[in-house]
Amino acid sequence: MTQVKLTTARDEQLRQVNASQTIRAWRRFRANKRGYYSLIIFVLLFGLSLFAEVLSNDKPLIVYYDGGYYFPLLKSYSEKTFGGDFDTEADYVDPYVEKLITQGKNWAIYPLNHFYYDTINYQNTAPNPAPPSAQNLLGTDDRGRDVLARLIYGFRLSVIFALILTSIGVVLGVIAGAIQGYFGGRVDIISQRLIEIWSAMPELYLLIIFASLFQPSVLLLIVLLSLFGWMGLADYVRAEFLKGRNMDYVIAARAMGLSDRAIMWRHLLPNGLTPVITFMPFRISAAIMALTSLDFLGLGVPPSTPSLGELLAQGKDNIESWWLSLTTFVVLVGTLMLLIFIGEALREAMDTRRGG
């Protein structure tokens, strides 16, 4: 009973210490204005991109027709629903259909940008890729698709891909590094040799081989890149666990009968997460660059998928179409700069030598 009370008191004390450290770290992070406002801007942009279908789409948000309300984003309606001739789904970009749903007392509310990422602007008289115009604010690509729409959807895909890839890498890296660092000895030596062998595998060649064997997809890229993305983080976690396993509070917890799993989870993991949190924005930016590079080389997502790398490849093939390369470059560099500023602020916030 006494041992249980001591363990409970120790756990409560650790929770209070961790909560206090978290508050101080947040204060230090907010004191770094560049990183703090970069986080706000990044979260705002990513939050808006999650509603890309509402911001950029070739379907109206709401249609009022003959006394009834229709929601094309949620349900498909045939052209006959609005007085047309065909049973197929209404093409809301067609001037004829647009005239049908807006004649008389009928009305429709469209998104701010009237194009989906794969919508081809057949009404554009300029040859593709067409320069920016009133219809296509950032121009079109070589297939007549709206560049602004593809940037919005491509940015969302890149960030979601990077978050998923980073999360998987963090989980695998923390588990591998924790086991190596805590148990040490033969476990550590054997694991290090296996990691060294695996890290020597030619990652790019494997991607090329699998891209030729399987249909390219986001899921395939996540699986392949996750096989290699955890190793760098595991080294930092391993170092933290190697340093902490011989600390007095860990020895005391072990003497009190706590299991290895409880010691690793309650005592060592909170301190071992410091490098994980610090490097996370940099790993997200690296994942975005990896997806962009693979798409640029044609080894990434399918061609119809909106991608920043695919737009850069189009810009390379159409040097005179400056809007393709310039707009994509601004989005990509802006995103990476925001993540770098956030990472620098986190690194300073997690530095316990700083006051606040």
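Every heavy atom of this structure was used, including side-chain atoms; hydrogens, water molecules and symmetry mates were not. Quick note: residue numbers are just sequence positions, from 1.
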Requested in this report: Step through it carefully: locate the ring centre of Phe42, locate the ring centre of Phe341, and say whether they are under 6.0 Å apart.
Outcome: no

Query - side chain to side chain contact (heavy atoms under 4.5 Å, CB included) between Leu221 and Phe161, intermediate numbers included - result: CA-CA 9 Å; Leu221 285 179; Phe161 174 87; 3.8 Å; yes

**Report entry** Mutual orientation of the aromatic rings belonging to Phe82 and Tyr70 [parallel < 30°, tilted 30-60°, perpendicular > 60°]
**Finding:** perpendicular

Report task. Enter the distance from Leu151:CG to Ser158:OG here, rounded to the nearest 0.5 Å. Result -> 10.0 Å

Report summary line: Heavy atoms of Ile277 and Leu346 approach each other most closely as O-CD1, 3.5 Å

Report task. For Arg34, check salt bridge (Lys or Arg N to Asp or Glu O under 4.0 Å) against everything at least two apart and list the hits. Result -> Glu344

**Report entry** Nearest-0.5 Å distance that lies between atom CZ in Arg245 and atom CZ in Phe183
**Finding:** 10.0 Å

Query raised in the report: Residues two or more places apart in sequence or in another chain: which of them pass side chain to side chain contact (heavy atoms under 4.5 Å, CB included) with Gln215?
Result: none

Query - Ile288 and Leu332, any side-chain heavy atoms less than 4.5 Å apart - result: yes

Report task. Compare all side-chain heavy atoms of Gln192 with those of Ile195 and state whether any distance is below 4.5 angstrom. Result -> yes

Requested in this report: Under 4.5 Å between side-chain heavy atoms, chaining through other members, with only Ile, Leu, Val, Met, Phe, Trp and Tyr counted: pull out the rest of the cluster around Tyr122, sorted by chain and number.
Outcome: Ile120

Query raised in the report: Which pair of heavy atoms, one from Arg150 and one from Thr305, lies closest together, and at what distance?
Result: NH2-O, 3.2 Å

Report task. Decide yes or no for Lys59 and Glu89: does some side-chain heavy atom of the first lie under 4.5 Å from some side-chain heavy atom of the second? Result -> yes

Report task. Please answer whether the main-chain N or O of Met289 pairs with a side-chain N or O of Ser293 as donor and acceptor at a distance below 3.5 Å. Result -> yes

Query raised in the report: When you look at Ile251 and Arg254, which way does the side chain to side chain contact (heavy atoms under 4.5 Å, CB included) test go after all the steps?
Result: CA-CA 5 Å; Ile251 297 175; Arg254 191 181 293 115; 4.2 Å; yes

Query raised in the report: Which pairs count as side chain to side chain donor-acceptor pair (under 3.5 Å) when at least one residue sits in residues 321-343, sequence neighbours excluded?
Result: none

Query raised in the report: When clusters are formed by joining ILVMFWY residues with side-chain heavy atoms under 4.5 Å apart, either directly or through shared neighbours, do Phe279 and Val170 land in the same one?
Result: no

**Report entry** Nearest heavy-atom neighbours spanning Leu165 and Ile222
**Finding:** CD1-O, 3.9 Å

Query raised in the report: Is the closest basic N to carboxylate O distance between Glu348 and Arg27 below 4.0 Å?
Result: no

All N/O donor-acceptor pairs, side-chain side in residues 95-107, below 3.5 Å, sequence neighbours left out:
| residue | atom | partner | partner atom | Å |
| --- | --- | --- | --- | --- |
| Thr102 | OG1 | Glu98 | O | 2.7 |
| Asn106 | OD1 | Asp66 | N | 2.9 |
| Asn106 | ND2 | Gln103 | O | 3.2 |

Requested in this report: Would you sort out whether Asp146 and Asn113 count as a side-chain hydrogen bond (donor to acceptor under 3.5 Å, both in side chains), showing the intermediate values?
Outcome: CA-CA 9 Å; Asp146 185 67; Asn113 190 40; 2.9 Å; yes

**Report entry** Residue list, side chain to side chain donor-acceptor pair (under 3.5 Å) with Asn121, at least two apart or on another chain
**Finding:** Gln135, Asn136

Query raised in the report: Other than Ile190, which residues form its hydrophobic cluster under the rule that side-chain heavy atoms must be closer than 4.5 Å?
Result: Leu194

Query raised in the report: Hey, does the side chain of Gln180 reach the backbone of Ser191 with a donor-acceptor pair shorter than 3.5 angstrom?
Result: no

Query - Any side-chain heavy-atom pair of Val54 and Pro111 under 4.5 Å - result: no

Query raised in the report: Would you say Ile40 and Ile340 are hydrophobically clustered, going by side-chain heavy atoms of ILVMFWY under 4.5 Å?
Result: no

Report task. Start with the C-alpha gap between Lys80 and Asp85, add the side-chain angles, then the distance that decides, and say whether salt bridge (charged side-chain N to carboxylate O under 4.0 Å, His left out) holds. Result -> CA-CA 6 Å; Lys80 283 187 175 181; Asp85 304 320; over 6 Å; no

Query raised in the report: What's the shortest heavy-atom distance between Ala345 and Phe29, and which atoms?
Result: CB-CE1, 3.4 Å

Query raised in the report: Can any side-chain N or O of Asn318 pair as donor or acceptor with the backbone N or O of Glu320 at less than 3.5 Å?
Result: no

Query raised in the report: Between Thr88 and Ser78, is any pair of side-chain heavy atoms under 4.5 Å apart?
Result: no

Requested in this report: Please list all pairs passing the side chain to side chain donor-acceptor pair (under 3.5 Å) test where one or both residues lie in residues 37-54, with sequence neighbours left out.
Outcome: Glu53-Arg156

Query - Co-membership, hydrophobic cluster, residues Val276 and Ile168, 4.5 Å side-chain - result: yes

Report task. Establish whether Leu233 and Phe282 are linked, either directly or via other cluster members, by ILVMFWY side-chain heavy-atom contacts under 4.5 Å. Result -> no

Query raised in the report: Does the Asp295 side chain pair with the main chain of Val301, one donor and one acceptor, at a distance under 3.5 Å?
Result: yes

Query raised in the report: Members other than Ile319 in its cluster, when Ile, Leu, Val, Met, Phe, Trp, Tyr link by side-chain heavy atoms under 4.5 Å?
Result: none

Requested in this report: Run the numbers on Tyr64 and Tyr69 for ring-ring contact (aromatic ring centres under 6.0 Å, His included), then give the verdict.
Outcome: CA-CA 5 Å; Tyr64 176 80; Tyr69 291 93; 5.0 Å; yes

Requested in this report: For side chain to side chain contact (heavy atoms under 4.5 Å, CB included), just list the numbers for Ile284 and Ile342, CA-CA rounded to whole Å, side-chain angles, deciding distance to a tenth of an Å, and then say yes or no.
Outcome: CA-CA 11 Å; Ile284 294 175; Ile342 295 171; over 6 Å; no

Query raised in the report: Going by atom types only, do Thr140 and Asn128 share a side-chain donor-acceptor pair under 3.5 Å?
Result: yes

Query - Contact summary for Ser217 and Pro302, nearest pair of heavy atoms - result: CA-CD, 4.0 Å

Query raised in the report: Given the rule in the side chain to side chain contact (heavy atoms under 4.5 Å, CB included) test, do Trp265 and Leu269 qualify, once you have shown the distances and angles that lead to the verdict?
Result: CA-CA 5 Å; Trp265 177 259; Leu269 184 60; 3.5 Å; yes

Query raised in the report: Is Phe155 close to Val331 at the side-chain level, that is, under 4.5 Å between some pair of heavy atoms?
Result: yes

**Report entry** Tyr92 to Asp58 - nearest heavy-atom pair and separation
**Finding:** CB-O, 3.3 Å

Query raised in the report: Are Val93 and His114 side-chain neighbours, meaning at least one heavy-atom pair lies under 4.5 Å?
Result: no

Query raised in the report: Does some side-chain heavy atom of Ile62 sit less than 4.5 Å from a side-chain heavy atom of Phe71?
Result: yes

Query - salt bridge (Lys or Arg N to Asp or Glu O under 4.0 Å) against Arg193, all qualifying residues, sequence neighbours excluded - result: Glu196

Query raised in the report: Which pairs, with at least one residue in residues 276-292 and sequence neighbours excluded, count as a side chain to side chain donor-acceptor pair (under 3.5 Å)?
Result: none

Query raised in the report: To the nearest 0.5 Å, how far apart are CG in Leu297 and CG in Leu312?
Result: 11.0 Å

**Report entry** Where at least one partner belongs to residues 221-242, residue pairs that pass side chain to side chain donor-acceptor pair (under 3.5 Å), sequence neighbours excluded
**Finding:** Asp188-Arg238

Query raised in the report: Are Met201 and Ile197 grouped together when hydrophobic residues (ILVMFWY) are joined by side-chain heavy atoms under 4.5 angstrom apart?
Result: no

Query raised in the report: How long is the span from the CE atom in Met350 to the CG atom in Leu273, to the nearest 0.5 Å?
Result: 8.0 Å

Query raised in the report: Does Tyr153 reach the main-chain N or O of Ala52 with its side chain, forming a donor-acceptor pair under 3.5 Å?
Result: yes

Query raised in the report: Within a reach of under 6.0 Å around CZ of Phe86, are more than 12 heavy atoms found that belong to other residues, nucleotides or ligands?
Result: no

